[in-house]
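Heads up: the structure comes next, in structure tokens.
A note on names: the letters A, B, ... follow the listed sequences, proteins ahead of strands, and every chain is numbered from 1.
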Amino acid sequence: MKGMNLKEIDTEKFQHDLLEWYKREKRDLPWRKERDPYKIWVSEVMLQQTRVETVIPYFERFMEKFPTLEALSEAEEEQVLKAWEGLGYYSRIRNLHSAVKEVKEKYGGKVPDTLEEMTSLKGVGPYTAGAVLSIAYGKPYPAVDGNVMRVASRILSIWEDIAKPASRKIFEEAIHRLMYTEDPSSFNQALMELGALICTPTSPSCLLCPVQEHCHAFEEGVQEELPVKTRKKSMKLVHIGAVVLKNKEGKFLIHKREATGLLANLWEFPNFEMTSFLDPETRLRKLLEETYKIDSLIHNGTFAKIQHVFSHLTWDIDVYAGEIQNEIPEDERVKLVKPEEIQDFAFPVSHQKIWKEYKRTIRE
DNA sequence: TAATCGTGGAG
DNA sequence: TCTCCAAGATT
């Protein structure tokens, strides 16, 4: 918005009120006990678009498995993916794993302390770079996430659409002007904590807010109108036919997904997009033959129908069972595994549901 | 820029 | 049930 003039606030008092509240009310989170830049970094990546309560157990387990940057850099991808299983946005862990290796080689294992070096790492954008540099190294960079944009839009009455990528700069500049340079770590975290606990998306607790007297949105009674955020359009629906295939030795066929795109490098049961519903068993049999050279016997009828909702599309999965009649060569992306070994592979939640239904319905 | 990329919880 | 969303990055 051109000519947009930021409201003036008493910066020093704002910082004081915010920081005092933060010291008093901050949650006792696992990563707040840590100073290790590696651990701060991991927590920030896990927290991207993910709730704190969801992240906590993942973070604890991850730190037991990979307690140091070096440990993670030396780990096998299978093992690392397994530790991320169920967290979603799997490119985050692929990028983090790659970035950690780069830090090991290029920076001798020390997480960079400059904005340029940090941002150059895979999966590290403006937010994560600012968060790690401020929290782990005390550098006065803003860490602008959804919370901070919401809080800032209300306090400073900024009516930029936070859904637009270009808006982030506006908020970074605004926050930079408010930055408490004596303690950037606490300042950034305090803003996010305020957004999480008080200045919530709906029904903000303005009466409990430590910086209420600084808030222009509250003064004008428009806190519920901010931030401005345009909706995104509704999603696609995709019909999938999936098959749980057992061979004569009682092993199950699993397939590793492509290295890029949706659910990259995760394991799955063979499945195909079904454009037609005419005789799905025959169609699946043909696709299995073409794709994997599998001579199969598909049972009539589905044993489960599963709907799985992603952020931008929905899968309607019809799940069939069948037997493999011929010998299948295994390779990097096609494996035959015993039922008790399924748990050793990283599956997306959608295919965990398939396996769970299979065990519940078919076996016993 | 707009789309892509997961999941589980809340209102 | 439906909609939105939660400490974003990448292409």
Side-chain angles (χ1 to χ4, degrees), chain A residues 26-27 29-32 40-59 81 84-96 98-99 118-136 142-152 161-169 171-172 175 185 187-197 199-203 224 227 229-236 238 257-266 268 307-315 346-353:
Chain A
K26 67 179 177 183
R27 290 168 292 178
L29 304 173
W31 43 92
R32 287 190 174 150
I40 302 297
W41 182 11
V42 171
S43 76
E44 290 303 336
V45 174
M46 285 188 171
L47 285 162
Q48 290 168 10
Q49 301 292 285
T50 310
R51 298 186 131 78
V52 166
E53 312 81 66
T54 304
V55 166
I56 290 174
Y58 278 91
F59 180 79
L81 258 184
W84 206 268
E85 181 185 50
L87 247 193
Y89 287 138
Y90 298 94
S91 68
R92 289 183 296 175
I93 185 56
R94 210 176 54 250
N95 287 333
L96 177 60
S98 163
M118 202 58 208
T119 306
S120 77
L121 296 169
K122 283 185 185 172
V124 178
Y127 165 76
T128 304
V132 171
L133 290 174
S134 62
I135 296 172
V144 177
D145 70 336
N147 284 313
V148 172
M149 286 198 282
R150 182 172 60 257
V151 170
D161 181 357
I162 67 168
K164 293 193 184 309
S167 301
R168 205 199 65 252
K169 275 192 181 304
F171 288 94
E172 280 182 350
I175 294 303
S185 168
F187 179 78
N188 281 339
Q189 293 187 78
L191 280 176
M192 293 189 275
E193 196 77 343
L194 188 69
L197 301 181
C199 197
T200 49
T202 59
S203 319
E224 299 271 14
K229 186 176 187 180
T230 54
R231 309 196 186 302
K232 39 189 171 185
K233 57 179 189 181
S234 58
M235 51 190 182
K236 262 192 327 190
V238 179
R257 294 176 60 87
E258 298 307 303
T260 59
L262 184 65
L263 306 171
N265 280 352
L266 270 68
E268 64 183 2
Q307 185 175 75
H308 190 78
V309 180
F310 296 93
S311 40
H312 60 298
L313 66 92
T314 297
W315 277 353
F347 285 82
V349 170
S350 50
H351 285 252
Q352 292 176 34
K353 289 181 190 169

request  = Could you walk me through whether A:W31 and A:V55 pass the side chain to side chain contact (heavy atoms under 4.5 Å, CB included) test, one step at a time?
outcome  = CA-CA 10 Å; A:W31 43 92; A:V55 166; 3.8 Å; yes
message = Go through it in stages, so that I can follow the logic: the residues are A:W84 and A:R94, the test is side chain to side chain contact (heavy atoms under 4.5 Å, CB included), and I'd like the CA-CA distance, side-chain angles, deciding distance and then a yes or no.
response = CA-CA 10 Å; A:W84 206 268; A:R94 210 176 54 250; over 6 Å; no
task = Give the intermediate values and the outcome of side chain to side chain contact (heavy atoms under 4.5 Å, CB included) for residues A:V238 and A:F310.
result = CA-CA 11 Å; A:V238 179; A:F310 296 93; over 6 Å; no
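With hydrogens and angles ignored, no donor-acceptor pair closer than 3.5 Å exists between the side chain of A:T54 and the base of B:dG8. A:T50 contributes a side-chain N or O that forms a donor-acceptor pair with the base of B:dG6 under 3.5 Å.
Rounded to whole Å, the distance from CD1 on A:I56 to C1' on B:dG9 is 14 Å. Remark: P of C:dC4 and CZ of A:R51 are 14 Å apart, rounded to the nearest angstrom. A:F310 places its CZ atom 20 Å from the P atom of C:dC4, with the value rounded to the nearest Å. Atom CG in A:L262 sits roughly 13 Å away from atom C1' in B:dA3 (whole-Å rounding). For the pair A:F59 CZ and C:dA6 P, the interatomic distance rounds to 22 Å; values are reported in whole Å. If you take CE of A:M149 and C1' of C:dC5, they are 13 Å apart, rounded to a whole angstrom. Counting to the nearest Å, the C1' atom of B:dC5 and the CD atom of A:Q48 are 11 Å from each other. Put simply, CG on A:D161 is 11 Å from P on B:dT1, counting in whole angstrom units.
A:R257 comes within contact range of no nucleotide atom at all, as no heavy-atom separation falls under 4.0 Å. As judged by a 4.0 angstrom heavy-atom cut-off over every strand, A:G195 is placed among residues making no nucleic acid contact. In this structure, A:W84 reaches neither bases nor backbone, as no heavy-atom distance under 4.0 Å exists between it and the strands shown. A:L29 comes within contact range of at least one nucleobase, with a heavy-atom separation under 4.0 Å. If you check every strand for non-hydrogen atoms under 4.0 Å, A:L87 touches a base. If you check every strand for non-hydrogen atoms under 4.0 Å, A:T128 touches sugar and phosphate atoms only. Nucleic acid contact for A:V148: none, since no nucleic acid atom lies under 4.0 Å from a heavy atom of the residue.
Taking atom P on both B:dC5 and C:dA6, the two are 22 Å apart, rounded to the nearest angstrom. The gap from the C1' atom of C:dT1 to that of B:dG8 amounts to 16 Å, rounded to the nearest Å.
Checking C:dA6, B:dA2, B:dC5 against the side-chain heavy atoms of A:Y89 singles out B:dC5 as nearest. Looking at the side chain of A:A166, the nearest of the listed nucleotides B:dG6, C:dG8, B:dT1 is B:dT1. Nearest to the side chain of A:Q49, among C:dA9, C:dA6, B:dT7, sits C:dA6. The side chain of A:H312 lies closest to B:dC5 when the candidates are B:dC5, C:dA9, B:dG6. Ranking C:dA9, C:dG8, B:dA2 by closeness to the A:K164 side chain, first place goes to B:dA2. Residue A:H308 places its side chain closer to B:dT7 than to any other of B:dT1, C:dA6, B:dT7.
Both A:P201 and A:G123 lie near DNA chain C, and the one whose nearest nucleotide falls closer to the 5' end is A:P201. Sequence order on DNA chain C of the closest nucleotides to A:R32 and A:N95 puts A:R32 first from the 5' end. Taking the nucleotide of DNA chain B with the nearest heavy atom to each of A:S91 and A:E53, the more 5' of the two is matched to A:S91.
Residues A:F347 and A:L266 come closest through the heavy atom pair C-CD2, 3.8 Å.
Residues A:K26 and A:E193 are not paired through a salt bridge, judged by the lack of any N-O separation under 4.0 Å between the basic side chain and the carboxylate.
Side-chain atoms of A:E44 and A:Y127 form a donor-acceptor pair, as typed in the model, at a separation below 3.5 Å. Looking at A:T128 and A:R92, their side chains never bring a donor and an acceptor atom within 3.5 Å of each other.
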